[in-house]
Protein chains: 2
Amino acid sequence: MTRENKDILSHIERLCIEKGLKMTGQRRVIARVLSQSHDHPDVEELYRRASRLDDNISVATVYRTVRLLEEKGILEKHDFGGGRARYEVTEQGTHYHLIDVDTGKVIEFEDPEHVKLVQQMAKKLGFDLLQHRLELFARRIQEK
Amino acid sequence: MTRENKDILSHIERLCIEKGLKMTGQRRVIARVLSQSHDHPDVEELYRRASRLDDNISVATVYRTVRLLEEKGILEKHDFGGGRARYEVTEQGTHYHLIDVDTGKVIEFEDPEHVKLVQQMAKKLGFDLLQHRLELFARRIQEK
DNA sequence: GTAGTTGCAAATCATTTGCGTGTCG
DNA sequence: CGACACGCAAATGATTTGCAACTAC
């Protein structure tokens with residue numbers, strides 16, 4: 001039973017402080033929400049989650065904060081279709097996404113072999129790979 | 001010196017007819033523009049190019065047409081950042097994009113082996129692959 | 001104290017849509 | 001002729017922003 005204690009800094013809040021961001025109440029709440037989110041919420045969803053912890057937060061602030069954190073490299077923005085941007089906390093290793101087109105759910109997976117492969121691809125074209133993304137749009141196999 | 005003759009059907013127009021689309025004047029013009037575009041224009045740019053050939057075209061129609069052609073599989077929609085969707089004519093084999101981060105230029109390449117690989121990836125996760133995208137962000141190798 | 005932040009509502013921007021008119025098949 | 005396409009302008013939906021009040025440092 002882990003206790004969520006407001007006196008304990010969330011992972012993201014720590015990162016914000018490292019980057020020298022001014023930590024307001026709303027940013028602390030949003031940071032906490034992000035730290036606890038292991039999916040790919042959109043702004044609306046983040047706003048909903050944050051409001052649950054503190055009703056003194058506006059969507060505008062969520063938009064502003066999310067943009068700020070993306071600029072700082074703390075968050076990554078994705079376009080998985082559906083019209084709204086979705087966010088996730090930046091992780092160290094490259095990982096890929098499989099989007100279930102029926103449910104919109106996103107499955108993450110890693111494949112270090114594939115990373116090497118892609119580096120080779122870039123090299124063959126005369127480039128050094130900086131980053132890359134691989135996204136699969138797929139439908140669950142039916143076992144009738 | 002190839003002649004562009006209005007009596008000759010453009011490649012895309014042919015595809016539209018195959019799909020049973022009603023061919024209006026505006027659709028013919030847009031089809032022609034698409035046939036001649038070997039880059040990744042956004043709607044605004046398509047509208048500009050179409051207007052050059054025929055000033056009797058509205059942006060709304062370009063939006064409608066582009067959506068229709070995407071549904072028919074004749075066009076592909078991309079999000080390369082920048083807020084607006086970009087389009088290209090669907091080619092038979094899946095191809096990938098390498099974006100030169102210094103110039104913004106997009107290099108296309110194919111890799112049929114990789115397509116199979118990705119299908120395997122999806123299968124391993126219990127999915128049938130519908131489509132996928134691989135985008136490399138890279139920098140040209142310096143040979144000083 | 002002061003630069004940076006917030007909430008609110010109005011503004012933007014890309015894209016979609018309702019409607020009366022026009023046209024392909 | 002009848003279903004569908006068009007232009008126009010108004011509507012939409014996500015995201016941004018101006019402004020006056022507030023707060024972290």
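The figures here come from the full heavy-atom set of this structure, side chains too, leaving out hydrogens, waters and symmetry mates. Order of the sequence lines fixes the chain letters, A, B, ..., with proteins taken first and strands second; residue numbering starts at 1 for each chain. Values in this document were obtained by computation on a predicted structure and should not be read as measured data.
- D:dC6 atom P lies 12 Å from atom CG of B:Asp54, rounded to whole Å.
- Under the ring pair (Phe, Tyr, Trp, His ring centres under 6.0 Å) criterion, B:Phe127 pairs with no residue, sequence neighbours left out.
- The side-chain heavy atoms of B:Phe109 and A:Met121, taken from C-beta on, include a pair separated by under 4.5 Å.
- Comment: A:Glu113 engages A:Lys116 in a salt bridge, judged by a side-chain N to carboxylate O separation of less than 4.0 angstrom.
- By the ring pair (Phe, Tyr, Trp, His ring centres under 6.0 Å) test, A:His11 pairs with no residue at all, sequence neighbours left out.
- In this structure the side chain of B:Ile12 reaches within 4.5 angstrom of the side chain of B:Leu34, judged on heavy atoms.
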*Letter per nucleotide, 5' to 3', of nucleotides 10-24 of chain D [B base touched, S only sugar-phosphate touched, - untouched; heavy atoms, 4.0 Å]*: ----SBBBB-----B
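- Salt bridge annotation for A:Arg67-A:Glu70: absent, with no cationic side-chain nitrogen under 4.0 angstrom from a carboxylate oxygen.
- Aromatic ring orientation, A:His114 versus A:Tyr96: perpendicular (interplanar angle above 60°, classes split at 30° and 60°).
- For the side chain to side chain contact (heavy atoms under 4.5 Å, CB included) with B:Glu88, the lone residue among B:Lys77, B:His38, B:His78 that qualifies is B:His78.
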*Secondary-structure string, 5' to 3', Watson-Crick or G-U under 3.5 Å, | for another-strand partners, for DNA chain D*: |||||||||||||||||||||||||
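- In terms of the side chain to side chain contact (heavy atoms under 4.5 Å, CB included) criterion, residue partners of A:Arg27 (sequence neighbours excluded) are, by chain and number, A:Leu21, A:Lys22, A:Met23, A:Thr24, A:Thr65, A:Leu68.
- Between B:Asn56 atom CG and D:dC6 atom P the separation is 10 Å, expressed in whole Å.
- Read 5' to 3', the first and last nucleotides of DNA chain C with an atom closer than 4.0 Å to a heavy atom of chain B are C:dA14 to C:dG25.
- When side chains are defined from C-beta on, A:Asp42 does not count as touching A:Leu46, because their heavy atoms never get closer than 4.5 Å.
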